[in-house]
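First comes the structure, then the notes that go with it.
So you know, we letter chains A, B, ... as the sequences are listed, proteins then strands, and number each from 1.
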Number of protein chains: 2
Amino acid sequence: MLTIGQLAAYAGVTTRAVRHYHQIGLLPEPERDASGYRRYGAKAAVSLIKIRTLANAGVPLSEIGQMLEADASTFAEGIERIDRHLRDEIERLETSRKQVTQLIAGDSLALPPEVTSYLDRLREIGTSERMVEAERDGWILVVARWPEGIREMMPAKFAHLDDPQLVRLYQLGSELIESDAGDDDPRLEEAADILAALAEQAYTSGEIDPDKEARDEVPFGLLDALAVESDPRAQRLLDLMRKRGWSSWTRTRPERLAD
Amino acid sequence: MLTIGQLAAYAGVTTRAVRHYHQIGLLPEPERDASGYRRYGAKAAVSLIKIRTLANAGVPLSEIGQMLEADASTFAEGIERIDRHLRDEIERLETSRKQVTQLIAGDSLALPPEVTSYLDRLREIGTSERMVEAERDGWILVVARWPEGIREMMPAKFAHLDDPQLVRLYQLGSELIESDAGDDDPRLEEAADILAALAEQAYTSGEIDPDKEARDEVPFGLLDALAVESDPRAQRLLDLMRKRGWSSWTRTRPERLAD
DNA sequence: ATGGAGGGTTGACGCAGCGTCAAGGTCAAG
DNA sequence: CTTGACCTTGACGCTGCGTCAACCCTCCAT
């Protein structure tokens with residue numbers, strides 16, 4: 001006759017686990033000896049080992065009881081379910097692992113490689129680190145909203161970097177964000193002019209679909225808000241854009257107000 | 001400004017999750033509006049998305065806060081840890097899956113294929129189903145104790161089945177276990193004779209190492225107990241073996257009492 | 001103005017599978 | 001007789017939220 005400790009050791013589990021199985025009725029409570037100790041026979045050891053085998057395989061304890069009582073075909077059916085579940089779980093972890101290894105590269109937290117390359121390009125053209133970080137956070141919001149569409153829009157974004165206007169814009173942004181210039185800095189006007197010009201280009205070339213963007217206002221609002229939260233002077237930039245007939249600098253759609 | 005529901009929807013989580021992150025201090029509580037509603041800015045959305053990215057990757061919430069604050073090298077180190085953990089987890093599940101698919105074959109619950117083949121062989125030589133089940137439970141105990149050694153001992157076991165004595169023994173066992181014969185059935189004596197002869201053979205041929213087995217009494221005791229629990233008449237068999245100078249039928253070692 | 005739908009608020013319990021005290025009683029050995 | 005290793009029950013803790021409950025707020029249609 002085994003004590004609970006011996007039984008547990010034999011099956012390679014803790015005594016707490018055994019008592020837990022008793023509590024949930026998975027393993028029947030054995031007889032007690034004179035002093036109230038549980039005393040186990042060999043069948044208990046066999047049962048416990050079977051239980052652990054299924055539990056190690058990921059079967060929830062609540063199902064193990066039925067599985068051990070089931071006939072062959074029901075059992076096989078249960079096994080099938082378990083196996084599917086295990087496959088799904090493994091797949092989930094595999095994709096997690098892929099994402100995690102991408103995280104090792106600095107910016108890629110929550111960002112696909114295309115976008116991190118874009119950020120690296122920004123650094124190459126002299127964009128300041130804080131500006132890149134602001135840009136990165138913006139992309140995080142964009143990717144969260146259009147995880148699929150991101151791939152198709154990136155080539156155009158890269159191409160855009162050949163435009164000296166855009167390069168100048170990032171330069172202005174870098175200077176401003178690093179400086180303590182006030183709301184009245186003339187570079188804000190210059191930035192607004194460039195933004196308006198770029199918006200005009202994009203709009204007339206049909207690159208922007210106002211209807212499409214109208215249906216998805218939230219992210220644009222968030223992007224504007226993010227800019228202002230990152231640097232309050234962005235508010236002034238938004239105002240300047242509105243004066244020029246654009247509802248915001250990220251939501252490049254002419255407003256009715258412009259009428 | 002977003003409500004908690006809008007924020008949650010944007011990041012693809014539930015409001016409960018967001019509130020949970022507040023509770024544990026992972027996401028700072030935002031300002032409230034006049035009616036006490038939480039109002040979120042864009043930075044909260046960015047933070048929440050970052051949090052979910054790490055959480056989806058399997059990072060415990062308790063570590064995410066530090067990881068997001070950490071510098072690049074500390075972050076990379078954390079990622080490394082996470083990745084190792086993911087690898088281990090995947091491996092664990094893979095082995096579970098292997099075990100589970102083996103379970104589909106009937107007897108293999110907690111048993112390696114060598115043993116299930118052995119059980120199938122027993123069926124072929126006419127061993128009754130209940131006898132096979134008893135044998136199977138015995139093997140479960142054996143495998144639990146010597147998971148490594150099982151592979152090397154099985155060939156000898158298979159070879160043993162060529163011995164007509166052993167075949168007869170399983171036949172006797174099958175008959176007895178299926179019948180309601182009493183303690184005085186002469187077949188018990190016959191079985192004891194065979195067992196004693198086999199034990200003698202094994203002992204003189206050096207197949208058994210008494211010292212080795214002495215160090216590991218528990219499993220032998222369990223096997224004896226299992227037999228008796230499966231069929232009380234096994235007790236009589238044990239007694240008969242003891243009379244013949246063997247301490248039990250599974251623990252094939254001569255006792256001092258035999259002096 | 002009213003009522004209902006669909007938000008929001010805090011508080012609390014529930015889940016799986018045990019780990020881990022706490023506060024004792026028991027057993028075997030020296 | 002003591003000591004240390006075991007046993008007993010009971011209860012809380014952990015992770016990451018899900019799910020009531022009971023109530024308040026806002027907006028829209030009537």
Side-chain angles (χ1 to χ4, degrees), chain A residues 1-27 29-41 44 47-48 50-67 81-82 85-86 89 92-93 96 218, chain B residues 1-27 29-40 44 47-67 82 85-86 89 92-93 96 217-218:
Chain A
M1 284 302 199
L2 303 172
T3 67
I4 194 172
Q6 295 169 322
L7 174 75
Y10 198 96
V13 303
T14 64
T15 62
R16 183 65 180 84
V18 175
R19 282 195 269 256
H20 183 61
Y21 300 154
H22 288 324
Q23 269 191 19
I24 63 176
L26 186 50
L27 193 62
E29 283 271 6
E31 305 283 306
R32 306 298 182 104
D33 66 11
S35 62
Y37 286 16
R38 291 178 179 84
R39 287 299 177 163
Y40 297 90
S47 296
L48 183 52
K50 288 182 180 175
I51 288 170
R52 279 316 308 174
T53 305
L54 287 176
N56 287 337
V59 184
L61 296 188
S62 54
E63 294 176 25
I64 291 182
Q66 303 155 33
M67 288 204 52
R81 261 210 335 280
I82 303 302
H85 181 257
L86 278 180
E89 198 62 1
R92 217 179 49 76
L93 292 186
S96 279
V218 180
Chain B
M1 282 302 194
L2 305 173
T3 67
I4 195 171
Q6 295 169 322
L7 174 75
Y10 198 95
V13 303
T14 64
T15 62
R16 183 64 180 86
V18 175
R19 282 194 270 255
H20 183 60
Y21 300 154
H22 288 324
Q23 269 191 21
I24 63 176
L26 186 50
L27 193 64
E29 282 273 5
E31 306 283 307
R32 307 298 183 105
D33 67 11
S35 63
Y37 286 16
R38 291 178 179 84
R39 288 298 177 163
Y40 296 90
S47 295
L48 184 51
I49 291 168
K50 288 181 180 175
I51 289 169
R52 279 318 306 173
T53 305
L54 287 175
N56 286 337
V59 183
L61 296 188
S62 54
E63 293 176 24
I64 290 182
Q66 303 156 33
M67 287 205 53
I82 304 302
H85 181 257
L86 278 180
E89 198 64 1
R92 217 179 50 76
L93 292 186
S96 279
E217 287 231 17
V218 181

Open item on the list: Once side chain to side chain donor-acceptor pair (under 3.5 Å) is applied, do any residues pair with B:Q66, and if so which ones, sequence neighbours excluded?
Closed with: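 For B:Q66, no residue satisfies side chain to side chain donor-acceptor pair (under 3.5 Å) once neighbours in sequence are set aside.
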
TODO: Return the residues of residues 56-64 of chain B meeting this criterion: a heavy atom under 4.0 Å from some atom of DNA chain C. Order them by number, or give none.
DONE: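 Per residue number, the list is empty: none.
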
Considering just the side-chain nitrogens and oxygens of [X], establish if one lies under 4.0 Å of OP1 or OP2 belonging to [N].
| X | N | answer |
| --- | --- | --- |
| A:T15 | D:dC7 | no |
| A:T3 | D:dC6 | no |
| A:R52 | C:dC18 | yes |
| A:R16 | C:dT20 | no |
| B:R38 | C:dT9 | yes |
| A:S35 | C:dC27 | yes |

Open item on the list: Quiz question: going by heavy-atom distance under 3.5 Å, is there a donor-acceptor pair between the base of C:dG17 and the side chain of A:Y21?
Closed with: no

- [ ] Rounded to 10°, tell me the angle between the two end axes of the helix from C:dA1-D:dT30 to C:dG30-D:dC1, each built from five pairs.
- [x]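 One end axis against the other gives 20°.
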
Between [atom2] on [N] and [atom1] on [X], what's the gap in Å once rounded to a whole number?
| X | N | atom1 | atom2 | result |
| --- | --- | --- | --- | --- |
| B:E31 | C:dG8 | CD | P | 18 Å |
| A:I4 | C:dC27 | CD1 | C1' | 17 Å |
| A:L7 | D:dT8 | CG | C1' | 16 Å |
| B:I24 | D:dG16 | CD1 | C1' | 8 Å |
| A:R32 | D:dC6 | CZ | P | 19 Å |
| B:Q23 | C:dC13 | CD | C1' | 13 Å |
| B:L2 | C:dG7 | CG | C1' | 14 Å |
| A:R19 | D:dA11 | CZ | P | 15 Å |

Close side-chain approach of [X] to [Y], heavy-atom, < 4.5 Å:
| X | Y | result |
| --- | --- | --- |
| B:R39 | B:T3 | yes |
| B:R38 | B:L7 | no |
| B:M1 | B:E31 | no |
| A:H20 | A:R16 | yes |
| A:L48 | A:Y40 | no |
| A:I4 | A:Y37 | no |

Task: Side chain A:T14, main chain A:A8, donor-acceptor under 3.5 Å - done: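 No; judged by distance alone, with no hydrogens or angles, the pair does not exist.
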
TODO: Applying side-chain contact (heavy atoms from CB on, under 4.5 Å) between B:V59 and each of B:I64, B:T53, B:L86, report the one that passes.
DONE: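 Output: one option passes, namely B:I64.
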
Task: Heavy atoms of other groups near B:H22 NE2, more than 12 under 6.0 Å - done: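 Correct, the count exceeds 12.
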
- [ ] Map A:A17 and A:R39 onto DNA chain C by nearest heavy atom, then report which one ends up closer to the 5' terminus.
- [x] A:A17

- [ ] Take A:A34 and B:Y37, find for each the nucleotide of DNA chain C with the closest heavy atom, and name the residue whose nucleotide sits nearer the 5' end.
- [x]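 It is B:Y37, whose closest nucleotide lies nearer the 5' terminus.
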
